[in-house]
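Comments concern the structure below.
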Amino acid sequence: MTSITDIDAVAIPKRKAGPKGETVICVSGLTPKAARYSRIFDFLVVAAVVPLFAGAFHLHVMLTVGDWDMYVDWKDRQYWPLVTPISMIMFPAALQAIFWVNFRLPIGATLGATVLLITTWLGRYANWWIWTGFPFTEGVPSQVIAGALLMDMALIVLRNSLFTSIFAGFAFGFVFWPSNYSALAPFYLPVEHQGMVASLADMIGYTFPRSNMPEYLRIIERGTLRTFGSSVSWVSAAFAGFICIFMHQLWWQLGRFASQTTFLKNGDVVKSFMGMKSRPAS
């Protein structure tokens, strides 16, 4: 009499797993040639997605923040520490959701902030220095790596998107101004220029004018929303952190929705195109 174990052993022959994941290939139904093409395709996808994401993130910041983050003599207004972190938290929050929900890797925000900084520096070097001859001090880019690190650290501890948005989203917007102030502090020093108080950033703007379009000319003014590192900057940083709470949660949900996997039933013809072997009906 044959037992159930003997029947299973005869119906489903065992295959010895190789050192390079042959069991996974066997279960997926891919031939060795199709598996090799699948790995090559994965590398091509990564090589295409990384620069595409970097370019999209950089374009997003340029369209939403634009000149306020491009010129060092425009960063002494309240508009810069208020709008810039709100715009820069969007893609890192979505990328953080993708890496955490699908891979349990708390690196999405830091990766997005690093990619943005590298892309921005490449653009400033190619467009400003090589093409137009502008000095690097005219276009010092802002960085959000400090806030992104706090976001990923909070996600590791809290392990919840809502609490991460409340605490880490606020921290992202609040630390933006102090984390960039060390690089911009020398340009905020006041100087006297033709009987008026200006800053070193103003002097750079006077020396290296931009386009002749009116909106790109340096505005010579008194007072208004000039900060020079005063207490008003902390009010703007706190308000930016408050808005970043909602922006982080919104883009977290968008990233989670965009990374959902949907499986469709394929026929034998589609499987043959993908290099998968049709299994006989039992």
Side-chain angles (χ1 to χ4, degrees), residues 58 61-89 92 113-114 116-125 127-129 132-150 170-244:
H58 184 260
V61 175
M62 289 295 100
L63 292 177
T64 54
V65 182
D67 304 322
W68 294 98
D69 188 61
M70 189 175 297
Y71 303 120
V72 70
D73 55 327
W74 284 35
K75 294 181 180 180
D76 52 4
R77 306 300 197 276
Q78 302 297 323
Y79 193 84
W80 170 70
L82 177 62
V83 178
T84 308
I86 297 175
S87 175
M88 289 186 175
I89 198 177
T114 305
L116 174 63
L117 185 61
I118 295 175
T119 308
T120 305
W121 268 117
L122 291 176
R124 299 291 167 86
Y125 178 77
N127 300 332
W128 289 58
W129 177 249
T132 60
F134 272 42
F136 288 128
T137 53
E138 173 68 8
V140 179
S142 303
Q143 58 87 20
V144 291
I145 295 180
L149 287 172
L150 292 177
F170 179 83
F172 184 93
F174 186 76
V175 304
F176 172 79
W177 182 76
S179 63
N180 287 275
Y181 184 78
S182 59
L184 298 173
F187 304 105
Y188 289 160
L189 294 177
V191 295
E192 182 180 355
H193 179 67
Q194 297 182 356
M196 296 183 61
V197 177
S199 64
L200 292 180
D202 293 331
M203 301 305 299
I204 296 176
Y206 300 152
T207 307
F208 298 92
R210 272 80 63 177
S211 171
N212 57 355
M213 299 177 66
E215 59 268 22
Y216 288 96
L217 294 178
R218 176 61 182 170
I219 302 175
I220 302 176
E221 58 187 352
R222 297 180 180 179
T224 65
L225 294 178
R226 306 296 290 272
T227 64
F228 290 100
S230 63
S231 59
V232 185
S233 299
W234 295 104
V235 178
S236 299
F239 185 71
F242 177 74
I243 301 299
C244 285

Problem - By ring pair (Phe, Tyr, Trp, His ring centres under 6.0 Å) - contacts of F176 (at least two apart) - result: W80

Problem - Set of ring pair (Phe, Tyr, Trp, His ring centres under 6.0 Å) partners for F242, sequence neighbours left out - result: F246

Looking only at non-hydrogen atoms, find the nearest pair between [X] and [Y] and report the distance.
X: F172; Y: G147; result: CD1-C, 3.4 Å
X: V197; Y: P190; result: CG1-CB, 4.1 Å
X: W128; Y: M70; result: CZ2-CG, 2.8 Å

Which value, rounded to the nearest 0.5 Å, describes the distance between [X] atom [atom1] and [Y] atom [atom2]?
X: Y79; Y: W74; atom1: OH; atom2: CH2; result: 10.5 Å
X: L116; Y: H58; atom1: CG; atom2: NE2; result: 7.0 Å
X: L82; Y: I243; atom1: CG; atom2: CD1; result: 8.0 Å
X: S199; Y: D73; atom1: OG; atom2: CG; result: 7.5 Å
X: Y188; Y: L200; atom1: OH; atom2: CG; result: 12.0 Å

So, do [X] and [Y] sit near enough that their side-chain heavy atoms are less than 4.5 Å apart?
X: I86; Y: C244; value: yes
X: F134; Y: W129; value: no
X: I89; Y: V144; value: no
X: L184; Y: V72; value: yes
X: I204; Y: F187; value: yes

Problem - F136, CZ: over 12 other non-hydrogen atoms inside 6.0 angstrom - result: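 Yes, because the 6.0 Å sphere around CZ of F136 holds more than 12 heavy atoms from other groups.
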
Exercise for the section: May I ask you to check whether over 12 heavy atoms, not counting those of F239, lie within 6.0 Å of atom CZ? Expected result: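 Check fails, neighbour count at 12 or below.
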
State which residues pass side chain to side chain donor-acceptor pair (under 3.5 Å) with [X]; sequence neighbours excluded, sorted by chain then number.
X: T132; answer: none
X: S236; answer: Q78
X: S87; answer: H60, T64

Exercise for the section: Using atom types as modelled and distance alone, determine if a side-chain donor or acceptor of N127 lies under 3.5 Å from a backbone N or O of G123. Expected result: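 Judged by distance alone, yes, a pair lies under 3.5 Å.
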
Practice task
Answer yes or no: is there a donor N or O on one side and an acceptor on the other, between the side chain of K75 and the main chain of V140, under 3.5 Å?
Solution key: yes

Exercise for the section: Scan residues 135-148 for pairs that pass salt bridge (charged side-chain N to carboxylate O under 4.0 Å, His left out), counting only residues two or more places apart or in two chains. Expected result: E138-R210

Problem - Stepwise ring pair (Phe, Tyr, Trp, His ring centres under 6.0 Å) test for Y181 and W177 - result: CA-CA 6 Å; Y181 184 78; W177 182 76; 5.1 Å; yes

Fill in the blank from the handout: Residue set satisfying side-chain contact (heavy atoms from CB on, under 4.5 Å) with I145, at least two apart, ordered chain then number -> A113, T114, L117, Q143, L149

Practice task
Could you label the plane-to-plane angle of the F170 and F174 rings as parallel, tilted or perpendicular, counting under 30° as parallel and over 60° as perpendicular?
Solution key: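 Rings of F170 and F174: parallel, as their planes differ by under 30°.
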
